[in-house]
Amino acid sequence: MTTRPVAARHRLWPWCRRCTGIALDLGSARTRAWTSGRCMILDVPTVTSPGAGATYPIQRGTIVDTPGTARMLDRLLGHRLPRFGRPLLILTTPALGGMAYRAEARTAVEVLRPRTVLTVPTARAVAVAADADLTRPLLVVDVGAHLTEVTLLADGAVTNALRTTLGTSDLDIRTPPTRITEAVVAMVTTMLDQDHTSLTMDALRRGPLLAGGGALRADITSPLVDRLHAPVQPVPAPHTSAVRGAARLLQAAHAHPSALADPVHRD
């Protein structure tokens, strides 16, 4: 009986400091990427192509156009990769995206010829960027342009998460910033009601981490302190915290393979 060779993307990747790597955060409004060997974050609108004919392949945290997402990634990163290189890729994913999101994302990033794709929950990447102590329960509130997500981490793993399809791009005269504040408070309250342990309360007392572009808006962050009766801690450069956390995990993976724990998944 002959055995079929294992596909390259399922082999253990060779770990080395010089291996090509990509950290990627696919947002509904902005896509951000970091590649090894560069000191800058690429930050572009999440559109299939620039110009009047642009369409939006990711909407409200869902990949609605996988081929369009692939074309965007090829335009953004294809020319920046070694011609014959096969990078290790770490991709942030929404806590509630599930297998369907990861499958669509995995198909889209194939255009970059990755050797291996690892996915990490966006909330964990944010916590890593903020140097948060992941041995203690932690709430991460991510206020994006089109989606707001509240995630509870315990030992670095997602134990509960809620989200609403409301973000900073929705704010106008009829939708004031208080709508986002109220939505976050409602989600945290629901999580407290659902939790029969002390994890959510312990995390709330510790103080939620606040990420995403909404963390830059005082009209969202300041009321949260009063409404949650807890310290709220915006992370440094909150709009890029997810990709920076993924980049740190990527660097750790190249240097020390054992640094990747269970909350980071190989797809």
Side-chain angles (χ1 to χ4, degrees), residues 3-28 30-50 54-58 61-94 97-122 124-125 128 240 242-260 263-267:
T3 59
R4 301 176 67 179
V6 179
R9 65 173 176 270
H10 296 301
R11 296 178 186 144
L12 291 177
W13 55 90
W15 299 96
C16 68
R17 294 180 183 273
R18 293 176 295 177
C19 291
T20 303
I22 301 171
L24 185 62
D25 179 37
L26 294 171
S28 300
R30 309 284 301 184
T31 289
R32 298 175 173 102
W34 180 93
T35 58
S36 55
R38 295 179 178 269
C39 299
M40 62 178 293
I41 293 172
L42 302 173
D43 187 341
V44 299
T46 303
V47 294
T48 53
S49 59
T55 59
Y56 302 90
I58 303 175
T62 300
I63 298 176
V64 298
D65 180 0
T66 303
T69 303
R71 291 195 299 273
M72 175 191 70
L73 292 174
D74 187 42
R75 174 171 51 84
L76 175 64
L77 293 167
H79 64 288
R80 300 177 186 273
L81 300 175
R83 185 174 180 182
F84 299 106
R86 301 200 64 189
L88 165 63
L89 192 149
I90 293 187
L91 173 72
T92 65
T93 59
M99 291 296 295
Y101 180 94
R102 293 204 297 271
E104 295 295 335
R106 183 68 176 81
T107 299
V109 301
E110 279 296 324
V111 72
L112 303 176
R113 308 181 311 278
R115 177 187 302 112
T116 300
V117 177
L118 304 178
T119 59
V120 58
T122 300
R124 178 174 166 87
V128 168
T240 61
V243 73
R244 287 186 291 106
R248 290 183 64 172
L249 289 169
L250 179 65
Q251 291 170 311
H254 278 161
H256 304 287
S258 61
L260 292 184
V264 182
H265 305 95
R266 186 186 310 166
D267 287 345

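Both backbone and side-chain heavy atoms feed into the values below; hydrogens, waters and symmetry mates do not.
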Donor-acceptor check, side chain of T46 to backbone of G27, threshold 3.5 angstrom: yes or no? yes
The residue among T66, T48, L73 that forms side-chain contact (heavy atoms from CB on, under 4.5 Å) with P57 is T48
Carefully, step by step, assess L250 and L88 under the rule side-chain contact (heavy atoms from CB on, under 4.5 Å). CA-CA 8 Å; L250 179 65; L88 165 63; 3.7 Å; yes
Output for pair (I63 CD1, R102 CZ), nearest 0.5 Å, gives 12.0 Å
R115 (side chain) donor-acceptor with P87 (main chain) under 3.5 angstrom: no
Please give me the minimum heavy-atom distance between A33 and L76, naming the atom from each residue. CB-CD2, 4.3 Å
T119 side chain to L91 backbone, donor-acceptor under 3.5 Å: no
Trace of the side-chain contact (heavy atoms from CB on, under 4.5 Å) decision for E104 with I58: CA-CA 11 Å; E104 295 295 335; I58 303 175; over 6 Å; no
Locate the shortest heavy-atom distance separating A125 from A246; write the atom from each residue and the value. CB-N, 4.0 Å
Is the closest side-chain heavy-atom distance between V47 and Y56 below 4.5 Å? yes
So how far is it from L77 CG to L24 CG, rounded to the nearest 0.5 Å? 7.0 Å
R30 side chain to D43 backbone, donor-acceptor under 3.5 Å: yes
Does the side chain of L26 reach to within under 4.5 Å of the side chain of M72, using non-hydrogen atoms? yes
Between S49 (side chain) and A54 (backbone), is there a donor-acceptor pair under 3.5 Å? no
Heavy-atom closest contact (A108 atom, A70 atom, distance): O-CB, 3.5 Å
Note: I41 and R244 closest approach over all heavy atoms is CD1-CG, 3.5 Å
When you measure from the side chain of R106 to the backbone of V117, do you find a donor-acceptor pair of N or O atoms at a distance under 3.5 Å? no
OG1 of T116 to CG of L89: how many Å apart, nearest 0.5 Å? 10.0 Å
Show the nearest heavy-atom pair for residues W34 and M40, with the distance to one decimal. CD1-O, 3.7 Å
